[in-house]
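See structure below.
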Amino acid sequence: MSVLTALLKILIFPGFLFLSAYALALQFLDRKLYARLQSRQGPPWYQPVADFIKLIGKETLIPAQANQLMFRMLPAFCLAAMAVAFVYIPVWGRGAMFSFEGDMIVVLYFLAVPPLASFLAGWYSRSLFATVGATRTLTQMFAYEVPMFLALLAPTLLSGSWSVSGNMAFYATHPLLVLVNLPALVVTLIVSQCKLERTPFDAPEAETEIVSGPLVEYGGRYLAFFTFSKDCELVVVLSLFTAMFLPFSTGISGVDFLLYLVKTLAVMAVLCLLRATTARLRINQIVAFCWKYLAPTALLQIILNLVLREVFLI
Amino acid sequence: MDLIKKAIAWGSRKSPWVIHFNAGACNGCDIEVVDALTPRFDLERAGVIKQGSPRHADVLIVTGAVTLQVRDRLVQIYEQMPSPKFVIAVGACACSGGIFNGCYCVSGGVNTVIPVDAYVPGCAVRPETLIAAVTKLLDKVEAQTAAADGQLPPGPEAEPTPAPAAAAITDQDGGERHGK
Ligand code: SF4
């Protein structure tokens, strides 16, 4: 692959430009579906774009006591991490744009950047509400990281490949084995909600208690890029989820792309349903829930997969 | 340049994020403000989202005659908002002091403390009136933003126009009162 095509792929399709467009579209669909579930009309289709443009046009205020450099850089870090993680996830066809053995670990590490960035954003804002939100973000991260890693590891134990594309290729030849991973699928679904800090796991943002969490001091274009990178995080998590647990593909690139859209939208709908039908948990309840129920289930799944692999020598 | 300005004007028109501040209302108007934000009226159709942080908000909705206790906080919250920012005074109290006008502990209408862009009369206001006020204000905002030459919308005048009622209070016994 020449440098030019590689650049085109990374920057335009299926890379950054597609990621941005899809992130804004998903934000709209999420809000629209949420509104419909509450029997209202919901925002018009251009709402995410209007919000973004408006925030860009606003005055930039940085609190005097905040760390100026970190305050400005964190949204960029967050967005860049998401753009890089997206490179290793299959969108167009069965394989990702780039892949190597172990790229799943890289994606998981990049996925840890948004919560860390929002923790640092809250910490360096030096505001009371932001600090409370920041500590909650970090506490929540300790709650969901372990079940998430365990659950995402399960399918790779069967496929024997720690690459998202390799995993996809394996399950394309053994589609029935997907059923074995059902418990891990459920765990990851709940953990995704937790990772994305959506209700019922939105204790870090909890606008009725701590205003709006770590981003309380952010405004203008920095807020625009922070919220935008959170939307990108949603796309990356959904794409990773579908690639690991719903790895059905035909091998024809265009059809696979459509399949990808259908799968991510379906998972999105489930997450939105979860958001619309639950109320916020306290942070200690979140931690207890993740460690008491999700982590053991994921661990059982790992044992099951190890046994299966030994018995059937997959 | 022109296109960018138009785009930003369009964006501000289509996505007003509001923050609600009770500056000493009897809670009647606050109930109605919250009512206007419920699914029944579905203000998200117009892009309205209620924000908790003044840094995220564009429109400050103030209810109640501003009490002396809360006056400085109101100014602080107003100053924390990034411009372009707009203030809507909701209810008779916020417009002029209402039934609390002349009370020893209030400073009068909201315009005695911060510049106000729209007044919504009523005791308490109806949600429909509030929605009409928001849309009227936004139309004005869009026209202003698109017309201004490379400047942020002029928005409110620097010097708040004194409400007649507020002026009257100062006459009675100035000093502690802050009516202009
Ligand atoms: S205008 Fe009427 S309802 Fe509103 S705060 Fe004043 S007294 Fe209460």
Side-chain angles (χ1 to χ4, degrees), chain A residues 27-28 30-32 34-64 66 71 121-122 125 127-130 133 202 205-224 226-227 276, chain B residues 1 3-21 34 36-60 76-86 131 138 141-142 144-146 148 150-153 155:
Chain A
Q27 193 205 336
F28 161 69
D30 182 34
R31 282 168 68 175
K32 183 79 182 172
Y34 188 63
R36 292 306 297 149
L37 287 170
Q38 295 179 336
S39 45
R40 25 183 205 111
Q41 281 304 312
W45 64 269
Y46 49 72
Q47 195 57 51
V49 186
D51 288 348
F52 188 75
I53 293 179
K54 176 205 73 180
L55 283 175
I56 294 276
K58 277 188 85 95
E59 179 190 14
T60 312
L61 290 177
I62 301 180
F71 197 89
S125 297
S127 138
L128 201 58
F129 291 121
D202 61 343
E205 272 170 39
E207 68 153 45
T208 38
E209 321 161 18
I210 50 168
V211 189
S212 51
L215 299 187
V216 74
E217 295 291 344
Y218 272 78
R221 77 185 101 107
Y222 298 113
L223 178 67
F226 238 125
T227 40
Chain B
M1 267 333 269
L3 201 65
I4 295 177
K5 223 164 32 189
K6 279 224 177 80
I8 290 177
W10 172 79
S12 331
R13 170 72 181 80
K14 293 296 178 191
S15 126
W17 290 356
V18 302
I19 176 168
H20 168 210
F21 185 75
V34 175
L37 294 165
T38 51
R40 182 180 175 87
F41 294 96
D42 188 21
L43 274 184
E44 205 182 5
R45 278 177 303 164
V48 174
I49 302 183
K50 187 182 169 298
Q51 291 290 346
S53 162
R55 300 250 191 240
H56 301 183
D58 310 295
V59 180
L60 176 63
Q76 206 176 1
I77 291 210
Y78 178 73
E79 277 167 359
Q80 279 176 346
M81 289 168 63
S83 57
K85 57 186 166 186
F86 309 96
I131 294 167
L138 290 172
V141 168
E142 192 185 16
Q144 272 183 1
T145 323
Q151 299 228 325
L152 289 175

Problem - Sidechain-backbone polar pair: A:S125 side chain, A:S127 backbone, donor-acceptor under 3.5 Å - result: no
Exercise for the section: Step through it carefully: locate the ring centre of A:Y218, locate the ring centre of A:F71, and say whether they are under 6.0 Å apart. Expected result: yes
Handout entry: Closest-packed option against chain B by number of heavy-atom pairs under 4.5 Å, given A:A35, A:P63, A:G42
Key = A:G42
Practice task
Using a cut-off of under 4.5 Å on heavy-atom pairs, state which of A:D51, A:I53, A:V49, A:T60 scores highest against chain B.
Solution key: A:D51
Problem - Interface moiety of A:L55 toward chain B, non-hydrogen atoms closer than 4.5 Å - result: side chain
Completion exercise
Applying a strict 4.5 Å limit to non-hydrogen atoms, the region of A:E217 in contact with chain B is both
Problem - Engaged part of B:L43 at the chain A interface, taking heavy atoms whose separation is under 4.5 Å - result: neither
Exercise for the section: Run the numbers on B:K85 and B:L60 for side-chain contact (heavy atoms from CB on, under 4.5 Å), then give the verdict. Expected result: CA-CA 8 Å; B:K85 57 186 166 186; B:L60 176 63; over 6 Å; no
Practice task
Examine distances only and state if a side-chain atom of B:H56 and a backbone atom of A:L215 form a donor-acceptor pair shorter than 3.5 Å.
Solution key: yes
Practice task
Could you tell me whether a side-chain N or O of A:Q47 sits under 3.5 Å from a main-chain N or O of B:K14, the two making a donor and an acceptor?
Solution key: yes
